[in-house]
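Worksheet: one structure, shown below.
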Amino acid sequence: MRLEALVQGSIRSVLDRLGLSPPEIPVDRPPHRELGDLSSRIAFLLTKELKKPPQGVAEELAKELSSHPAFSQVQAVQGFLNFRLRPQTLHGVLKEILQEGLAYGKGEEGRGKRLQVEFVSSNPTGPLTIGHGRQAALGDVLANLFSELGFQVTREYYLNDEGRQIELLAQSLWARYRQALGDPKPIPEGGYHGDYLIPIGEELAQKFGNAYPEWNAEAKKVFREEVVPRMLRMIEEDLEAIGVSFDVWTREGDIIRKGLVDEVLRRLREGGHVYEKDGAIWLSAKIHGLPRDPVLIRSDGTPTYLMVDIAYHLDKFRRGFDWVVDVQGADHVEEQQEVKLALRLLGIPENFLSYCLHQFVTLKGAEGIEKMSTRAGRFLRLKDLVDEVGRDATRYFMVMRKPESHLVFDFALAKKQSLENPVYYVQYAHTRIASVFREAQARGEFPEDLLSLDLSPLTGPEELQLIMELDRFPDVVRLAARGFSPHLLCEYLENLAGIFHPYYARVRILGQGRATPARLALLFGVKLVLFRGLSILGVRAPEEM
RNA sequence: GCGCCCGUAGCUCAGCGGAUAGAGUGCCGGCCUGCGGAGCCGGAGGCCGCAGGUUCAAAUCCUGCCGGGCGCACCA
């Protein structure tokens, strides 16, 4: 049984006898180890009902709980209830973890539920930058986390391969094409200045010769058809580099063709939520407390990005997802509020859609590209970053901070193959254990059956602490998923490795008689959880490095 | 001006109602005849942006201010 449940159960059974049943029984880890292994603030929550000070309540409970076989000591300190666990209790925990194996940490709360995670969804106007890299890593890790909880997860990329931006891109390419023919044309206002269009321009100069001297309707069509697939290929290369793949790609055009835009518009109009002004159709958002009324249909009759996005979300709803999580950059806040409002007006449940909003990435020690812009051609391509620092470090660094914080990507640190680098610190713990196992096998010290071992030699402080830490893993997975906070998993793994390394440095594993198999079992548990955690992050857990 | 996010150790960041505020890195000082020293141990370092308020209890919640980021297009 998990430790939290154990403590909760013990408290609840005492409270039952007193005729009390609080809705929740908090169980925490005390801030200092001397205070105990686990603690509860339950006494604070019962003071009102019992009309006694917290310390009095705690003392009363402590007396009742002291006889519980799982605890060696239960103390009341300043209203807190502090528990010290018997080693045997922790040995039982370790045994259960080993029994669960790779299933350890999985949850049930998502069982039978379909979840869509939409992320990246960058326009095909250029390769992905490191900014998209954060989103790619975040979305992918969130998807992994929710899979752990039992959700059936679909990773989806929304592709906007039409509209004004693509037109500007095509014209920018055309300008590069003319340039290659020795007929320099300016890149259009608001166009794309990146170098990546230059070789394509040269290629098209070869292919077409002087066939398109003017930027006209025909050139527009041809260059658009040439440019989009090439941009997509670049994006796919970037995604592959960082190890992300999507289950579904949805194009803006698909949504329009399904008639969903028309339907959304009709329903919003029937509800009186839109109005016409200056030939355009606007959503009445201000009366619902939003800062502005956005345009849904331009005066030329075409739908705005927002309009299609709303229709896209109706589509997601129709497709039967129970929940949708969109990962988006901080520049989309307003749109998020507008989409949510529109969905509400369409009668879609409020909790159908959640946003994981993240701030931007800055590169430390990279003058000139600190402020990136795809249009201006000032960026670092994601694939180039991965080629430089590796997939593991890239993914890890991208999710090691909470999404809503700015991320300073320390290029030099990510590249370091030493333990200052947190990725290596965690991976190295895994590798070290693998190495000990190899040595144990070679010496014939590796136990046949880990599950039927005598774990009683595990009594050292780090040994018990390691088991305590292993016990937290399922909670960390749940918290990281529920709070869109993969960084909690990074922190946890660093912490686990941070207990293991000193232990390993101080305590010998092999050739220690009865202690050896028990310690190997403990290390097996540590290795298992490191492996599970790293896998969720999409980071390798190497046997050798 | 309006909206959202962020101000915690020199730096990068956890903690987001509870007990003496943590980690990594950097700095100072120790530890290499055994399973990977790609390591380990110890130390110094903080008005938790500022000011009020709520609470038995605030880094954490509320209000105002100050500083930084992002947005505020009939772009996406």
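Order of the sequence lines sets the chain letters (A, B, ...), proteins ahead of strands, with each chain counted from 1.
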Please enumerate all residues that pass side-chain contact (heavy atoms from CB on, under 4.5 Å) together with A:Lys402, with sequence neighbours excluded. A:Glu404, A:Ser405, A:His487

Euclidean distance, atom CD of residue A:Glu338 to atom C1' of B:G3 [Å, nearest integer]: 11 Å

What residue pairs, at least two apart or across chains, pass salt bridge (charged side-chain N to carboxylate O under 4.0 Å, His left out) with a residue in residues 407-427 of chain A? A:Lys364-A:Asp410, A:Glu388-A:Lys415, A:Lys416-A:Glu420

Answer with base, sugar-phosphate or nothing: what part of the nucleic acid does A:Ser435 contact at a heavy-atom distance below 4.0 Å? base

Spacing between A:Leu493 atom CG and B:C13 atom C1', to the nearest angstrom: 17 Å

Report the distance from atom CD of A:Glu189 to atom P of B:A73, rounded to the nearest whole Å. 17 Å

Can you pull out the residues from residues 295-305 of chain A that lie within a 4.0 Å heavy-atom distance of RNA chain B? A:Val295, A:Arg298, A:Ser299, A:Tyr305

Counting side-chain heavy atoms from C-beta on, which of B:C75, B:C72, B:C35 comes nearest to A:Arg164? B:C75

Specify the separation, in whole Å, of atom NE2 of A:His406 and atom P of B:G71. 11 Å

For the C1' atoms, the ones on B:G17 and on B:U60, what distance do you get once it is rounded to whole angstrom? 6 Å

Which sits closer to the 5' end of RNA chain B, A:Met400 or A:Asn160, going by the nucleotide each is nearest to? A:Met400

Starting from P on B:G71, measure out to CD on A:Gln328 and report it in whole angstrom. 14 Å

When the C1' atoms of B:G49 and B:C40 are compared, how many Å lie between them, rounded to an integer? 37 Å

Heavy atoms under 4.0 Å, any strand shown: does A:Tyr424 hit a base, just sugar-phosphate, or nothing? nothing

Can you tell me how far C1' of B:U33 sits from CZ of A:Arg508, to the nearest Å? 12 Å

By the salt bridge (charged side-chain N to carboxylate O under 4.0 Å, His left out) test, which pairs, at least two apart or in different chains, include something from residues 158-175 of chain A? A:Asp161-A:Arg251, A:Glu167-A:Lys220

Please work out whether the ring planes of A:His273 and A:His288 are parallel, tilted or perpendicular, with thresholds of 30° and 60°. tilted

Do any side-chain atoms of residues 324-334 of chain A form donor-acceptor pairs under 3.5 angstrom with protein atoms, and if so which ones, sequence neighbours left out?
{"residue": "A:Asp326", "atom": "OD1", "partner": "A:Lys316", "partner atom": "NZ", "Å": "3.0"}
{"residue": "A:Asp326", "atom": "OD2", "partner": "A:His313", "partner atom": "NE2", "Å": "2.6"}
{"residue": "A:Gln328", "atom": "OE1", "partner": "A:Gln336", "partner atom": "NE2", "Å": "3.1"}
{"residue": "A:His332", "atom": "ND1", "partner": "A:Glu335", "partner atom": "OE1", "Å": "2.7"}

Between A:Glu59 and A:Lys52, does at least one N-O distance fall below 4.0 Å, as a salt bridge requires? no

Side chain of A:His501 only, heavy atoms from C-beta on: which candidate in B:G39, B:G68, B:C35 is closest? B:G39

Please give the distance between the P atoms of B:G46 and B:A9 as a whole number of Å. 10 Å

Please tabulate, one pair per line, all N/O donor-acceptor pairs under 3.5 Å involving side-chain atoms of residues 337-345 of chain A, not counting sequence neighbours.
{"residue": "A:Glu338", "atom": "OE1", "partner": "A:Arg292", "partner atom": "NH2", "Å": "3.2"}
{"residue": "A:Glu338", "atom": "OE2", "partner": "A:Arg292", "partner atom": "NE", "Å": "2.9"}
{"residue": "A:Glu338", "atom": "OE2", "partner": "A:Arg292", "partner atom": "NH2", "Å": "3.2"}
{"residue": "A:Lys340", "atom": "NZ", "partner": "A:Leu353", "partner atom": "O", "Å": "3.1"}

From B:C74, B:C35, B:G37, nucleotide with atom closest to A:Ile509 side chain: B:C35

Output all residues satisfying side-chain contact (heavy atoms from CB on, under 4.5 Å) with A:Ser39, sequence neighbours left out; order by chain, then residue number. A:Asp28, A:Pro30, A:Asn82

Quick one: is B:G37 close enough that its OP1 or OP2 comes under 4.0 Å of any side-chain N or O from A:Arg432? yes

Could you measure between the two C1' atoms, the one in B:G3 and the one in B:C11, and give it in whole Å? 31 Å

Conformer about C1'-N of B:C32 - syn within 90° of 0, anti elsewhere: syn

Quote, to the nearest angstrom, the C1' distance that separates B:U54 from B:C5. 25 Å

Of all residues at least two apart in sequence or in a different chain, which pass the side-chain contact (heavy atoms from CB on, under 4.5 Å) check with A:Glu276? A:Ile281

For atom C1', what is the distance between B:C48 and B:U20, given to the nearest Å? 15 Å

Counting side-chain heavy atoms from C-beta on, which of B:C35, B:C13, B:C2 comes nearest to A:Pro291? B:C2

Does a salt bridge link A:Asp475 with A:Arg29, judged by any charged N lying under 4.0 Å from a carboxylate O? no

Mind checking what makes ring-ring contact (aromatic ring centres under 6.0 Å, His included) contact with A:Tyr158, not counting sequence neighbours? A:Tyr312

Taking pairs as Watson-Crick (N1-N3 plus N6-O4 or O6-N4) or G-U wobble (N1-O2 and O6-N3), each distance under 3.5 Å, the stems of three or more consecutive pairs with RNA chain B are B:1-7 with B:66-72, B:10-13 with B:22-25, B:27-31 with B:39-43, B:49-53 with B:61-65

Regarding A:Ala330, tell me which of base, sugar-phosphate or nothing describes its non-hydrogen contacts under 4.0 Å with the strands shown. sugar-phosphate

Using a heavy-atom cut-off of under 4.0 Å over every strand shown, decide if A:Asp278 touches base, sugar-phosphate, or nothing. base

Closest to the 5' end of RNA chain B, once A:Asp293 and A:Arg438 are matched to their nearest nucleotides, is A:Arg438

In terms of side-chain heavy atoms of A:Phe360, which of B:G39, B:C70, B:C13 is nearest? B:C70

Quick one: label A:Glu334 by what it contacts on the DNA or RNA (base, sugar-phosphate, nothing), any heavy atom closer than 4.0 Å. base

Please find the pair of heavy atoms, one from A:Val141 and one from A:Ile536, that lie closest to each other, and give the distance. CG1-O, 3.9 Å

Rounded off to whole Å, could you give me the CD-to-P distance for the A:Gln165 and B:C74 pair? 14 Å

Could I get a table of every N or O pair under 3.5 Å where one atom is in the protein and the other is in nucleotides 15-26 of chain B?
{"residue": "B:G15", "atom": "OP1", "partner": "A:His487", "partner atom": "NE2", "Å": "3.3"}
{"residue": "B:C16", "atom": "N4", "partner": "A:Lys402", "partner atom": "NZ", "Å": "2.8"}
{"residue": "B:G18", "atom": "N7", "partner": "A:Arg41", "partner atom": "NE", "Å": "3.3"}
{"residue": "B:A19", "atom": "N6", "partner": "A:Ser39", "partner atom": "OG", "Å": "3.0"}
{"residue": "B:A19", "atom": "N6", "partner": "A:Asn82", "partner atom": "OD1", "Å": "3.4"}
{"residue": "B:A19", "atom": "N1", "partner": "A:Asn82", "partner atom": "OD1", "Å": "2.9"}
{"residue": "B:A19", "atom": "N1", "partner": "A:Asn82", "partner atom": "ND2", "Å": "3.2"}

Gap in Å between the two C1' atoms, one belonging to B:C6 and one to B:C27, rounded: 28 Å

With sequence neighbours excluded, what pairs up with A:Phe446 under the ring-ring contact (aromatic ring centres under 6.0 Å, His included) test? A:Phe437

Should A:Thr304 and A:Pro294 count as side-chain neighbours, where that means a heavy-atom distance under 4.5 Å? no

What's the gap between B:G15 and B:A73 when it is taken at their C1' atoms, as a whole Å value? 40 Å

Which whole-number value in Å describes the distance from A:Tyr503 OH to B:G39 P? 20 Å

Have a look at A:Val308 and say if it touches a base, only the backbone sugar-phosphate, or nothing, with a 4.0 Å heavy-atom cut-off. nothing

